Amino acid sequence: MRIANHDGRLVVVAPEPPAPSAGGGETPPLRAVDVETTSNGLFGSDPQAIYERWAEFRGWAESVDFGRAEPVPERSLRAAVPRPRQVFAIGLNYRDHAAESGFEIPAEPVVFTKYVSSFTGPFGDITLSPGDVDWEVELVAVVGARARGVGESAGWDYVAGLTVGQDISDRTVQFAAALPQFGLGKSFPGFSPVGPVLVTPDELPDRDDVELGCEVNGVSVQKGRTADLVFPVPTLIAKLSAIVELLPGDVIFTGTPDGVGHGRDPRRYLHAGDVLTSWITGIGTMKHRFVAA
Ligand code: ZN
């Protein structure tokens, strides 16, 4: 099942083949049905609230008739998960990215947050912050049930779905203080786009090995596979839920593969007019243009 946020309303996306993602091709318009209307009010329109009733909703969604599905233009898509109560992000979670950042492969997950006011949709403009602004394409996992003390083998049972995320990072802010300020440097308005859809893990040929990447102005800068994650999704659910109670609708930015601008020689950052295309095979593509403040 695939769901999306159509102008603030929850929709179920008709099961069409996913967009060709590698190469930054155009995403064909989605077709979808409105959840509140189609369910006669059984489920509400809020794309964030649905995770509280995820199992019930999934059962209902299996019976949806897509005969009256309507096109959803890109410009009407909003953040697939717009207001999570808790946002977890993982640093240095791919071996090659840890190396390019000058760090050892971590023995425990490096965890920080992105403040939720930085969330935005999968298409549109993002205003540059004053510092050096960088890209980080990431697989984002969305929690589908309360989780506390979950074992690794059960980790996937607590994941409602997966979406594409960008962990846009102002490296100047990130490294300005005595210790790295991940949370602040990665939370300017618009620095956490998520979308275009949320895909349940069963839709993917292999939920533990999906390809992701991003392009700047059509030139590939990152390409990786989640099979290379140091701490894969079920391990993150186990490690996080050992400490924090995970809540329905929480999100986990699982980390970025190598190829960030800060790790390049010479370093390369985003400038006004740059277009960033971010994709995950089987999920979809986001596209953003950066504009001056
Ligand atoms: Zn990141």
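Just so it is clear, the structure is predicted and the values come from calculations on it, not from any experiment. Remember, it's 1-based here, ligands and their atoms both numbered in the order they're listed. Computation of the quantities below employed the complete heavy-atom set of this structure, encompassing side-chain atoms and omitting hydrogens, waters and symmetry-equivalent molecules.
For Glu136, the N, O or S atom closest to the Zn ion (ligand 1) goes by the atom name OE1. Nearest N/O/S atom of Glu138 with respect to the Zn ion (ligand 1) is recorded as OE2. Sorting the N, O or S atoms of Asp167 by how far they are from the Zn ion (ligand 1) puts OD2 first.
For the 3.5 Å distance criterion, the side chains of Ser192 and Gln166 fail to qualify, holding no donor opposite an acceptor.
Remark: Lys114 qualifies as a cation-pi partner of Phe253 under the 6.0 Å distance and 45° angle criteria applied to the six-membered ring.
Using cut-offs of 30° and 60° for the angle between ring planes, the Phe175 and His262 rings count as parallel.
Open room surrounds CD on Glu70; 12 or fewer heavy atoms of other groups in view lie less than 6.0 Å from it.
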